[in-house]
Amino acid sequence: MVAKQFIEETIFTMSESSIGTLKTRLIGPYLSCSFLDDNDISTTILAEKLCDYFEKVELNMDDDFDKAISKYMSYWDDLVDARIPKEPQAKKGSPAPEMPRPRKYYNLAIEHKNAENMTMTDIVDFSRIMMCLQTAVLQLSGNDKSETISDFDFSTKGFDLDAILASLKESLAEDKKPPIVPGFLKKVINPSQSGIYTFNTCTEIITVMMYAFITDAEMGE
Amino acid sequence: MSDVLHISPVPELKHFLNKDNILEIVVRGKKKKFKYFQKVAFDKQPQGEEKKLLEKAVNLLEKGDSTLKKNTKLISQISKLQKFSIVLDGLNLCATCAGFAIMSKKLDELSTQINQIIGVVKAGHEVQADYEFKKVISEHSNMLDSRKTQKYYTEEEMRKLVDLEFNALNMMIDVFMKDLTEGADSLLFSIYSLASMLAVSLKYFDEQYYLNNKEAIKTGSVWHSSHDSWMAVYERLLDPQYIEKLQDHGSFVLKLSTLETDAYYQGLEAQVRDLVEDIKDNQTLVEVLESRELMSAFDDYVEENAAEDIKKAFEETGAMDNGEVARIYEETMKQVALAG
């Protein structure tokens with residue numbers, strides 16, 4: 001998938017209200033305009049800014065947009081995986097135990113992640129399931145990071161973008177820490193791994209876009 | 001523009017503190033007709049120019065782009081749900097002989113399978129009640145036919161039909177919740193058909209019960225003592241655990257995308273809420289209008305209004321000149337029981 005297609009199928013299908021959310025979340029923290037006032041940024045201008053951003057990421061990371069999507073999915077998998085109950089093992093002579101519901105949906109999300117020809121539906125479905133699972137994780141009361149969820153809400157009602165982004169950023173920050181190496185092999189951090197034109201920051205932006213898209217598609221009555 | 005409905009005696013309406021109660025019901029009734037019309041019209045999925053004309057007409061109906069865009073986006077994503085579109089319109093189809101004929105043909109095809117599923121569960125759980133799905137369809141059809149010929153079911157006959165449909169519906173929900181994966185599609189179709197049939201029967205029963213007994217009932221509720229427990233079956237269809245099973249069915253059996261699954265389970269949830277609202281609205285109307293003739297006149301009034309507004313919207317687009325659009329319009333109006 002190329003960035004232009006991704007932007008076309010998200011930005012240009014959303015309602016005004018969701019575009020407003022995107023502008024608030026992206027302009028300032030991630031994107032900026034040198035001459036235009038925030039109020040003058042139309043949907044088309046926002047799309048152009050995003051297109052430029054993704055192009056810069058591709059140049060900085062020396063890889064294409066497909067890689068950005070792949071990293072987005074890997075980072076989300078890293079965030080959620082440990083909090084999903086494991087597949088139960090069947091005991092000899094006993095009927096196979098029922099697979100926990102979160103695990104069923106997690107496996108479905110991974111199928112989308114591993115799709116050979118990634119489509120918009122794969123990205124949307126992966127994102128939706130992961131956000132639902134992560135929302136359930138965030139609602140666990142304890143601090144035990146090994147505690148798994150027993151169920152989750154499939155609807156988008158409980159989504160809290162601030163909480164989702166905070167947990168994602170925390171997980172991405174752990175990924176950024178340089179490995180501990182002996183002094184004489186002090187690792188020089190590649191300058192291209194810092195700043196906003198990285199796959200980490202790209203993941204945050206795609207998360208915001210997916211959140212806006214998913215919560216925009218409500219049943220019209 | 002149709003004639004204004006004249007309700008007499010007018011002083012009776014003063015029983016209601018808020019006169020908007022009745023206006024609200026009229027508006028709600030009309031909006032539901034539009035909504036059913038939209039769903040069925042888009043299910044036809046015409047192509048090219050015809051589709052544009054149909055969209056333009058529906059746009060005029062709703063008088064707003066955003067609702068149309070949302071509906072179009074979702075409806076274009078539920079291509080796999082076409083076999084359930086008839087369920088989404090079950091409310092209207094279960095209320096008239098012609099409409100129910102469409103439903104009962106489909107239900108008849110499923111009845112052997114459903115009876116087998118029920119049989120398996122009954123055998124395993126020592127269920128006492130004896131209800132076969134085929135019997136339920138047959139009884140409902142007979143009840144509608146009796147109304148058509150004005151040889152109405154008695155209050156007792158209606159109560160028995162309500163009980164029959166209520167028990168069958170509960171049984172089917174139990175079966176679905178037990179995760180019998182084979183035949184789940186047929187089961188769900190039957191559940192929502194039965195939910196619609198029960199709503200129709202309950203409305204007719206409520207009307208009869210109230211008009212027969214209102215003088216005799218001095219204190220307490222004017223409705224049958226089992227009314228609340230009958231209505232409780234609709235709460236089961238909105239219960240979070242049941243909804244989860246619907247979502248799982250959509251995602252893993254029908255293999256819908258997440259957006260399609262949303263359209264699927266939210267559409268079914270909305271239908272159940274509509275059924276509950278209809279039953280309650282009907283109770284309000286029965287209390288206000290207090291006569292069979294006025295009830296019938298009211299129903300005709302809402303339908304006539306909706307049919308006229310839809311026809312006018314289509315005529316304004318010039319879409320009726322297009323043969324394909326005119327054909328879809330006629331078929332749709334019949335399906336939602338708005339044609340004369």
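Order of the sequence lines sets the chain letters (A, B, ...), proteins ahead of strands, with each chain counted from 1. It should be emphasised that the depicted structure is a prediction, and the values quoted were computed from it without experimental measurement.
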Assess whether atom NZ of A:Lys67 is packed by more than 12 heavy atoms of other residues, nucleotides or ligands within 6.0 Å. no
As an exercise, state the distance from [atom1] of [X] to [atom2] of [Y], rounded to the nearest 0.5 Å.
X: A:Thr121; Y: B:Glu260; atom1: OG1; atom2: CD; result: 7.5 Å
X: A:His112; Y: B:Ser257; atom1: NE2; atom2: OG; result: 8.0 Å
X: A:Ile214; Y: B:Asp262; atom1: CD1; atom2: CG; result: 9.5 Å

Of the backbone (N, CA, C, O) and the side chain (C-beta and beyond), which part of [X] lies under 4.5 Å from a heavy atom of chain B, both, or neither?
X: A:Glu16; value: neither
X: A:Phe126; value: neither
X: A:Asp122; value: neither

Taking C-beta and beyond as the side chain, do A:Phe154 and B:Thr258 meet within less than 4.5 Å on heavy atoms? yes
